[in-house]
Amino acid sequence: MKKIILMLVCAVLAFSGCSRQKAETYYNESGEGVRLETEYKYYFSDEKNVFCTWHNDTDRTINFHEVFQLHELGSDGEWYLVGSTEDASFSTKYGYFADAGADCRFEYDISVYTDKLENGSTYRISTYYYDADGNYYQIFAEFICDDALAEEEMYEISDGIIGKREEPEVHSGGLFIQG
């Protein structure tokens, strides 16, 4: 009886690792001149929102939606989905844009995929954008979940004075409504 229980426990543990779904790439990776970066390098394990900046160094406006996935870097070097797209509900009626040669700050609500990040793990926001020619590109912004380093990063030292970081300035970009 003990052997059967032990075998069942081992089987459950073995298959639980297999239930992780590898992240897929749906479009070509980001075209030249467009980058997506998280506001901070380190985030707390109970973080609910991650702000990113879209950097558009091209001479054309790019468009994007709020649709995204959250990926976690596995110990095998592969990226895996966190949560499921079925857990998240997105309305793509609204779209956003980053003007040519400008930056646009955008908030991603990661709580739609998870209640808690794993301390010490690396994550990325995976999303897409498209240009005026209808070309779609997948883009990523990585960050690390580390409570201690996130606490340090919240404060900066300037001339021996420790102070909380200022809110970033508003960037050029906006909202459009699809008809």
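We use all heavy atoms of the structure for the numbers below, so side chains are in, but hydrogens, waters and symmetry mates are not.
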- [ ] Check the pair T114, L70 against side chain to side chain contact (heavy atoms under 4.5 Å, CB included), reporting the backbone distance first and the verdict last.
- [x] CA-CA 9 Å; T114 185; L70 182 62; 4.0 Å; yes
TODO: Just do the side chain to side chain contact (heavy atoms under 4.5 Å, CB included) check on V50 and Y43 with the steps written out, would you?
DONE: CA-CA 8 Å; V50 173; Y43 285 84; 3.7 Å; yes
Open item on the list: Could you go through F44 and E151, starting from their C-alpha distance and side-chain angles, then the distance that decides it, and tell me whether this counts as side chain to side chain contact (heavy atoms under 4.5 Å, CB included)?
Closed with: CA-CA 8 Å; F44 294 101; E151 180 74 27; 3.8 Å; yes
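Rounding to the nearest 0.5 Å gives a distance of 10.0 Å between CD1 of I144 and CG of L73. Interatomic distance, CG of D146 versus OH of Y42, reported as 7.0 Å (0.5 Å rounding).
Looking at heavy atoms from C-beta onward, H55 lies out of side-chain contact with L36 at the 4.5 angstrom threshold. You'll find the side chain of Y130 reaches within 4.5 Å of the side chain of H65, heavy atoms only. Put simply, the side chain of I125 does not reach to within 4.5 Å of the side chain of F106, judged on heavy atoms. Put simply, the side chain of I139 reaches to within 4.5 Å of the side chain of W54, judged on heavy atoms. Looking only at side-chain heavy atoms (C-beta outward), V34 and Y129 come within less than 4.5 Å of each other. Residues C145 and E47 have side chains not in contact (no heavy-atom distance under 4.5 Å, counting atoms from C-beta outward). I110 has its side chain within reach of L117: a pair of non-hydrogen atoms, C-beta onward, lies under 4.5 Å apart. In this structure, S126 and W79 have side chains that are not in contact, with every pair of non-hydrogen atoms separated by 4.5 Å or more.
Between the side chain of N56 and the backbone N or O of D99 there is at least one donor-acceptor pair closer than 3.5 Å. No donor-acceptor pair under 3.5 Å is formed between the side chain of K48 and the backbone N or O of V112. Listed for the T127 side chain is a donor-acceptor partner under 3.5 Å among the backbone atoms of V67. A donor-acceptor contact shorter than 3.5 Å is absent between the side chain of T53 and the backbone of R105. Between the side chain of Y123 and the backbone N or O of E118, at least one donor-acceptor pair lies under 3.5 Å.
Aromatic pair Y137/Y27: centroids not less than 6.0 angstrom apart.
Results of the ring pair (Phe, Tyr, Trp, His ring centres under 6.0 Å) test with F68 over Y128, Y96, Y108 single out Y108 as the only residue that passes.
Closest non-hydrogen pair, R35 versus D57, comes out as NH2-OD2, 3.7 Å. Closest approach of E32 to T58, counting heavy atoms only: O-CG2, 3.5 Å. Across all their heavy atoms, F97 and C104 have their closest contact at O-SG, 3.7 Å.
A cation-pi arrangement is not found for R124 relative to F143, the charged atom failing to lie both closer than 6.0 Å to the ring centre and inside a 45° cone about the ring normal.
The aromatic rings of H71 and F140 sit tilted, their planes meeting at an angle between 30° and 60°.
For R20 and E72, the salt-bridge test passes: some basic side-chain N is under 4.0 Å from an acidic carboxylate O. D133 and R60 are joined by a salt bridge, as a carboxylate oxygen and a charged side-chain nitrogen come within less than 4.0 angstrom of each other.
The closest side-chain donor-acceptor pair between D147 and S45 falls under 3.5 angstrom.
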